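Structure, as structure tokens:
Since the structure is predicted, the reported quantities are computational estimates derived from the model, not experimental observations. Here is how names work: the chains are called A, B, and so on, in the same order as the sequence lines, proteins then strands, and each is numbered from 1. All heavy atoms count here, side chains included; hydrogens, waters and symmetry mates do not.
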Number of protein chains: 2
Amino acid sequence: MPDTRDVLFKTLADPTRRALFEQLCQQGEQTVGALTEQAGVSQPAVSKHLGVLKRAGLVFDRHEGRQTHYSAQPAALTPLLDWTSEMKAFWEQRFDALEDLLKRMDQ
Amino acid sequence: MPDTRDVLFKTLADPTRRALFEQLCQQGEQTVGALTEQAGVSQPAVSKHLGVLKRAGLVFDRHEGRQTHYSAQPAALTPLLDWTSEMKAFWEQRFDALEDLLKRMDQ
DNA sequence: TTAATTGATAACCAGATAGTTATGGATTTC
DNA sequence: GAAATCCATAACTATCTGGTTATCAATTAA
């Protein structure tokens with residue numbers, strides 16, 4: 001899923017959205033109202049951001065009466081971890097190869 | 001540096017830019033021309049993306065005659081790893097706290 | 001049943017962004 | 001020295017994006 005990756009990166013690129021996600025990771029389940037108080041933007045803006053986070057799989061929602069409770073799903077961050085590890089691995093692999101080459105040249 | 005984080009996320013949010021970085025991680029140092037062949041966009045577009053990557057600390061450049069060689073600096077990904085780990089940690093911490101609570105209630 | 005609250009959606013707008021072509025400076029090649 | 005190559009920058013444009021206000025459906029409270 002390279003598309004999943006793209007969605008994830010794009011979703012987390014916005015600071016307001018990242019702050020909402022951080023809030024949910026730290027404080028646990030929160031209503032839209034509670035999140036709006038903290039967010040510094042209007043309630044519709046918060047709702048839109050939560051929609052984006054939800055489509056990225058980063059949050060869950062749970063309806064209870066007229067309120068909606070959101071909670072974080074940090075497991076969805078895994079592809080991001082994978083990607084960064086992959087990049088570092090590629091780089092180190094080439095580094096090791098170079099080291100080997102130099103070692104052989106040294107003999 | 002929360003600002004560093006933001007720059008990092010924003011920089012990697014673009015797929016063309018991410019592809020350039022991946023290319024550099026995998027293949028090592030490359031000239032702008034070589035990168036342009038692979039990129040699927042014009043040379044000026046590639047140059048601009050490389051500029052953004054450079055300002056984010058994700059790549060280095062080295063001038064040699066009329067060519068510019070770029071190389072990846074995957075160590076710059078660290079803040080990203082840190083952030084994701086932090087988020088997972090927050091979440092697990094709350095999870096553990098909940099578990100403790102349930103355990104105490106069970107007695 | 002009427003009024004108030006909660007959150008989602010619609011419609012709109014300003015600014016950011018990623019692409020393009022044109023061009024120019026620096027270097028190498030002929 | 002003239003021509004060609006390499007890359008960066010400038011100028012412009014279309015699209016995306018994040019914000020706003022207005023509104024509406026659903027639920028709860030009076």
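- Legend: residues meeting side chain to side chain contact (heavy atoms under 4.5 Å, CB included) with Pro79(B), ordered by chain and number and at least two apart, are Thr4(B), Leu8(B).
- Checked against side chain to side chain contact (heavy atoms under 4.5 Å, CB included), Thr31(B) has the following partners two or more places apart in sequence or in another chain: Ala34(B), Gln67(B), His69(B).
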Reading nucleotides 2-11 of chain D 5' to 3', which nucleotides get B (base under 4.0 Å from a protein heavy atom), which S (sugar-phosphate only), which -?
--BBSBBB-B
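- In this structure Gln43(B) satisfies the side chain to side chain contact (heavy atoms under 4.5 Å, CB included) test together with Val32(B), Thr36(B), Ser47(B), sequence neighbours excluded.
- By the side chain to side chain contact (heavy atoms under 4.5 Å, CB included) test, Gln27(A) pairs with Gln23(A), Gln30(A), sequence neighbours left out.
- Using a 4.0 Å cutoff to heavy atoms of chain B, the contacted part of DNA chain C runs 5' to 3' from dA18(C) to dT28(C).
- A heavy atom lying under 4.0 Å from DNA chain D marks none of the residues of residues 52-60 of chain A.
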Sequence neighbours excluded and cut-off under 3.5 Å, please list the side-chain donor-acceptor pairs for residues 10-17 of chain B, or say none.
residue, atom, partner, partner atom, Å
Lys10(B), NZ, Ala13(A), O, 3.1
Thr11(B), OG1, Val7(B), O, 2.6
Asp14(B), OD2, Thr16(B), N, 3.2
Asp14(B), OD2, Arg17(B), N, 3.0
Arg17(B), NE, Thr11(B), O, 2.8
Arg17(B), NH1, His49(B), ND1, 3.3
Arg17(B), NH2, Lys10(B), O, 3.3
Arg17(B), NH2, Thr11(B), O, 3.4

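- Among residue pairs with one or both ends in residues 24-53 of chain B, those qualifying as salt bridge (Lys or Arg N to Asp or Glu O under 4.0 Å) are Glu29(B)-Arg62(B); sequence neighbours excluded.
- Here Thr36(B) lies out of heavy-atom contact (under 4.0 Å) with every strand.
- One interatomic measurement links the two molecules: NZ of Lys10(A) to P of dG18(D), which rounds to 10 Å at whole-angstrom precision.
- Under the salt bridge (Lys or Arg N to Asp or Glu O under 4.0 Å) criterion, no residue pair touches residues 67-77 of chain A, with sequence neighbours excluded.
- Evaluation of the ring-ring contact (aromatic ring centres under 6.0 Å, His included) rule for Phe9(A) yields Trp83(A) as partners, not counting sequence neighbours.
- Chaining together hydrophobic side chains whose heavy atoms lie under 4.5 Å apart places Leu81(B) alongside Leu81(A).
- Ion pair Asp6(A)/Arg18(B) flagged as a salt bridge, since at least one NZ, NE, NH1 or NH2 atom sits closer than 4.0 Å to an Asp/Glu carboxylate oxygen.
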